[in-house]
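To keep things clear, I will list the structure first and then write my remarks on it.
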Amino acid sequence: KQFGHTLQLGLESYLLEHAQYPQQQNIETLIKTLHDQHYIKKKQTNPFTNSPYTANDSEGKMHYTSTSSTSYSIEIYGKNSSTPLLVLSN
């Protein structure tokens, strides 16, 4: 959950400089964009897989959706990927 809040802060900082949210449609490219542009300091690994987050994670999945240039949602799942533990949006 903590990394989800880090992404959320990165997204809000990105918005301030670009006047829109990133339009990537998966978690890998979102993390890369925010990291490469210095909105987040380091790329975290999925605590369930001990690997970088991917859209195909079966445990600890994070799903990013940008529905418009001014709206986004991050869904964070735990070990069971059926119901989000946390949903972050603007």
Side-chain angles (χ1 to χ4, degrees):
K1 292 181 188 179
Q2 182 178 356
F3 186 55
H5 289 289
T6 299
L7 290 176
Q8 188 174 35
L9 289 172
L11 284 165
E12 297 303 329
S13 296
Y14 184 99
L15 174 69
L16 291 174
E17 287 193 32
H18 299 276
Q20 66 179 18
Y21 292 108
Q23 297 302 299
Q24 287 80 5
Q25 291 301 312
N26 66 56
I27 198 67
E28 297 103 317
T29 55
L30 174 66
I31 292 170
K32 181 175 178 7
T33 297
L34 294 179
H35 179 263
D36 290 352
Q37 295 186 27
H38 307 286
Y39 295 110
I40 59 175
K41 290 186 179 183
K42 66 180 189 173
K43 298 177 185 179
Q44 296 289 328
T45 57
N46 182 327
F48 295 98
T49 65
N50 292 318
S51 299
Y53 284 97
T54 71
N56 298 321
D57 288 338
S58 60
E59 296 180 339
K61 181 178 180 176
M62 295 182 76
H63 184 260
Y64 172 74
T65 305
S66 177
T67 54
S68 72
S69 62
T70 59
S71 179
Y72 71 86
S73 173
I74 302 171
E75 295 177 341
I76 302 168
Y77 296 83
K79 188 169 182 130
N80 179 349
S81 291
S82 62
T83 305
L85 296 175
L86 180 65
V87 177
L88 301 169
S89 61
N90 63 327

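For reference, positions follow the sequence shown, starting with 1. FYI, side chains are in, hydrogens and waters are out, and symmetry mates aren't considered; it's all heavy atoms of this structure.
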Problem set entry | Aromatic plane relationship, Y14 with Y39 - under 30° parallel, 30 to 60° tilted, over 60° perpendicular | perpendicular
For this session: Can you see which heavy atom on Y77 is nearest to which on L85, and at what distance?
Result: C-CD1, 4.0 Å
For this session: Please confirm whether the backbone N or O of N56 pairs with a side-chain atom of T54, one donor and one acceptor, at under 3.5 Å?
Result: yes
Exercise. Does any N or O in the side chain of N26 come within less than 3.5 Å of the main-chain N or O of A55, such that one atom is a donor and the other an acceptor?
Worked result: no
Exercise. Do we see a donor-acceptor contact under 3.5 Å between the side chains of E75 and Y64?
Worked result: no
Exercise. Does one hydrophobic cluster hold both I31 and F48, with members joined at side-chain heavy-atom distances below 4.5 Å?
Worked result: no
For this session: Look up atom OG1 in T6 and atom CG in L11, then write down how far apart they are to the nearest 0.5 Å.
Result: 11.0 Å
For this session: Using a 4.5 Å cut-off on heavy atoms from C-beta on, say whether the side chain of M62 contacts that of Q44.
Result: no
Exercise. When you measure from the side chain of E59 to the backbone N and O of D57, does any donor-acceptor pair fall under 3.5 Å?
Worked result: no
Problem set entry | Close side-chain approach of Y72 to Q8, heavy-atom, < 4.5 Å | yes
Exercise. Taking atom CG of N90 and atom CD of E12, what is their separation to the nearest 0.5 Å?
Worked result: 6.0 Å
Exercise. Between L15 and Q20, which heavy-atom pair has the shortest distance, and what is it?
Worked result: CD1-N, 3.4 Å
Exercise. Where do T67 and S71 come nearest, in terms of heavy atoms and distance?
Worked result: OG1-OG, 3.0 Å
Exercise. Are I27 and L86 connected, step by step, through hydrophobic side chains (Ile, Leu, Val, Met, Phe, Trp, Tyr) whose heavy atoms are closer than 4.5 Å?
Worked result: yes
Exercise. If you measure from NE2 on H63 to CD1 on I74, what distance do you get to the nearest 0.5 Å?
Worked result: 11.0 Å
Problem set entry | Reported CD-to-OG1 distance for the pair Q23 and T65, which is rounded to 0.5 angstrom | 11.0 Å
Problem set entry | With K43 via salt bridge (charged side-chain N to carboxylate O under 4.0 Å, His left out) - residues at least two apart | none
Exercise. What's the shortest heavy-atom distance between P22 and L30, and which atoms?
Worked result: CG-CD1, 3.9 Å
For this session: For S89 and S73, work out which heavy atoms get closest and say how close.
Result: CB-CA, 4.2 Å
Problem set entry | F3 vs I76 side-chain heavy atoms within contact, under 4.5 Å | no
Exercise. To the nearest 0.5 Å, how far apart are CG in L34 and CG in L7?
Worked result: 6.5 Å
Problem set entry | pair Y53-K61: side-chain heavy atoms closer than 4.5 Å | no
